[in-house]
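Report on the following structure.
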Amino acid sequence: MRKSNYRVVIALLLFFAGMLNYLDRAALSVMAPLIKGDLHINDAQMGILFSAFFIGYCLFCFIGGWSADKFGPRKVFAFAAAFWSVFCGATALVTGFAHLLVVRVMFGIGEGPMGTTTNKSISNWFPRKEVGRAVGFTNAGQPLGAAIAAPIVGLVGLHFGWRIAFVVIAALGFVWLAAWMTFFRDKPEQHPRVSEEEKRLIASDRPATPVTNGARGNDAHSLWYYVFSKPVLGVAAAFFCFNYIQYFFLSWLPSYLTDFQHLDIKSMSIIGILPWLGATAGFIGGGIVADILYRRSGNFLFSRKAVIFAGLIIAAGCVLMTAYTRNTAGAVALITVASIFAYMTPQACWSLLQDIVPAHRIGTAGGFVHLLANLAGILSPSITGFLIQYGGGYQSAFILSSGLAIVGVIAMAILVRQNKVNELFGKKAPAEEIAAGH
């Protein structure tokens, strides 16, 4: 690895962290058909188990972000990875619904800091002009982890039992932890392998900084000033609506393919890869498109909003059409296209936060946004489970997800506007930007 580009190593570490994170959490949905039979769990209970993960996860999104600002991402990510790997492995020991419920909550606590700590790491290590690509690439590991979960977890579970699958995944988490502690430092200037040239490149194009108060250069505003601002809440709303779709797919797609489309577990394990490969392409492609739009327009806010609008609108249309599709190939194709465009949204949200929140607040503010956004993880799996068990079945679940995507577009359009962002930093926006709402 060339000394002048060590941040590629950082990007790879974060990429594999996301991959393992989603491999871990997707394992339960892939093994759901086997676990339901073995532990005598129905669909409504399974929905509660999927949601239980997010009880601990949501709280520690915020706590993890605050901790990353205070203690640095290296320590926070190390503790989180060790914690989630332990409880992923502990899933192999459960004997019933109640036991599995507790393990899922604890597992969620461990994974909670991942998103905000990743964003904090990117804020520390990448210049502003590379933020879109960095967020897109590092987060692309997440759906790729969900993609490989189907064949890896599915096939290991079929041959050795579902309990062994969770033990294997836990072991991979500890391998990543060793690499993280070896190669990562909180900031470029702390790492001996980072050249002076790269340090200057990163420092010359840092994320947004606030208007300061006095000679000491302290932020004139409290954390809550940023956290409860309209632009931050608008990003959280769009992120929530994306997450509702994501966790619907992540929790219930394997069951949809086996129960509704009547695929066996082996076929589901192969076909179930396609939407997540599409999501990976969406993450990477969305970051590239956002950076291209920024270079051409010079407007960071517009470039991110355009990607979010396009992603959610097209995803909403595809999800709605899936509700009325009975053909397996057509349904999988629509879900894959929906995943491509929906997954353009989160990287744009994460990079947008770096422009509307000061760098020293990005961990905590990002944690708050992630907390609100991941309330969808509590709601989506449970609501879907009850709809399948007692309501309109999978069709009503797809329709609800589609409608929420449009709600996210509306919230972003109303709350995230250039004049509102400029108010956060005490700036005056050009008249033409205010008129355009960029």
Side-chain angles (χ1 to χ4, degrees), residues 19-54 84-108 111 143 145-173 246-276 328 331-332 335 377 380-382 384-389 393-394 397:
M19 180 184 292
L20 283 170
N21 197 267
Y22 271 62
L23 174 64
D24 288 355
R25 71 174 73 174
L28 183 66
S29 63
V30 174
M31 289 289 94
L34 297 178
I35 293 173
K36 285 192 294 184
D38 193 12
L39 301 183
H40 308 291
I41 294 171
N42 64 32
D43 285 329
Q45 289 177 312
M46 204 70 215
I48 293 171
L49 287 171
F50 290 141
S51 293
F53 168 88
F54 292 96
W84 90 53
S85 296
V86 166
F87 281 96
C88 179
T91 307
L93 303 176
V94 301
T95 57
F97 173 77
H99 193 185
L100 184 53
L101 187 69
V102 173
V103 170
R104 291 298 290 179
V105 172
M106 300 302 291
F107 179 48
E111 292 208 350
I148 65 175
I152 291 178
V153 178
L155 296 177
V156 170
L158 281 175
H159 287 88
F160 303 102
W162 62 267
R163 297 179 189 274
I164 297 299
F166 286 96
V167 174
V168 170
I169 299 169
L172 292 175
Q246 175 183 219
Y247 294 131
F248 170 38
F249 287 170
L250 194 64
S251 301
W252 287 102
L253 182 58
S255 294
Y256 167 75
L257 293 175
T258 54
D259 296 343
F260 188 83
Q261 295 293 348
H262 307 296
L263 297 178
D264 57 36
I265 292 179
K266 183 176 181 181
S267 299
M268 176 272 291
S269 297
I270 297 172
I271 293 175
I273 297 174
L274 296 176
W276 301 114
T328 301
V332 171
I335 292 171
S380 180
S382 290
T384 303
F386 278 92
L387 286 174
I388 295 169
Q389 188 79 19
Y394 283 101

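Residue numbers run from 1 in the order of the sequence given. Just so it is clear, the model here is predicted, and its values are computed rather than measured.
In this structure, Met106 CE and Leu101 CG are separated by 12.0 Å, a value rounded to the nearest 0.5 Å. Taken from CG in Leu20 to CG in Leu172, the straight-line distance is 6.0 Å, to the nearest 0.5 Å. Taking CG of Leu39 as the reference point, atom CG of Leu49 lies at 9.0 Å (rounded to 0.5 Å). A distance of 12.0 Å separates CG of Asn21 from CE of Met19, quoted to the nearest 0.5 Å. How far OG of Ser85 is from CD of Glu111: 8.5 Å, rounded to the nearest 0.5 Å. Ile35 contributes atom CD1, which lies 6.5 Å from atom CG of Leu100 (distance to the nearest 0.5 angstrom).
For Met46 against Lys36, the heavy-atom pair with the smallest separation is SD-CG, 3.6 Å. The two residues Val153 and Ala165 have their closest heavy-atom pair at CG1-CB, 4.0 Å. Pairing each heavy atom of Val167 with each of Ala92, the nearest pair is CG2-CB, 3.8 Å. The two residues Phe54 and Gly377 make their nearest non-hydrogen contact at CD1-O, 2.9 Å. Smallest separation of non-hydrogen atoms from Leu263 and Ser267: CB-CB, 4.3 Å. The two residues Phe248 and Ser380 have their closest heavy-atom pair at N-OG, 3.3 Å.
Val105 has its side chain out of reach of Phe87: every pair of non-hydrogen atoms, C-beta onward, lies at least 4.5 Å apart. The closest side-chain heavy-atom distance from Asp24 to Trp84 is below 4.5 Å. Residues Trp252 and Pro381 have side chains in contact (heavy-atom distance under 4.5 Å, counting atoms from C-beta outward). At least one side-chain heavy atom of Leu253 sits less than 4.5 Å from a side-chain heavy atom of Pro275. Inter-residue side-chain proximity for Phe160 and Val168 is flagged as unmet; no heavy-atom pair is nearer than 4.5 Å. Annotation: side chain of Arg163 is in contact with side chain of Asp38 (closest heavy-atom distance under 4.5 Å). With contacts defined as side-chain heavy-atom distances shorter than 4.5 Å, the pair Tyr22/Pro143 does not qualify. With contacts defined as side-chain heavy-atom distances shorter than 4.5 Å, the pair Leu93/Val103 does not qualify.
Between Phe166 and Trp162, the angle of the ring planes goes over 60°, which puts this pair in the perpendicular group of the 30/60° scheme.
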After noting the C-alpha distance and the side-chain angles of Ile48 and Phe97, does the key distance pass the side-chain contact (heavy atoms from CB on, under 4.5 Å) rule? CA-CA 10 Å; Ile48 293 171; Phe97 173 77; 4.1 Å; yes
Is there a side-chain contact (heavy atoms from CB on, under 4.5 Å) between Thr384 and Phe50? Walk through the geometry before answering. CA-CA 10 Å; Thr384 303; Phe50 290 141; over 6 Å; no
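Panel note: side chain Arg104, backbone Phe53; no donor-acceptor pair is recorded below 3.5 Å. Under a 3.5 Å cut-off, the side chain of Thr258 and the backbone N or O of Ser255 do form a donor-acceptor pair.
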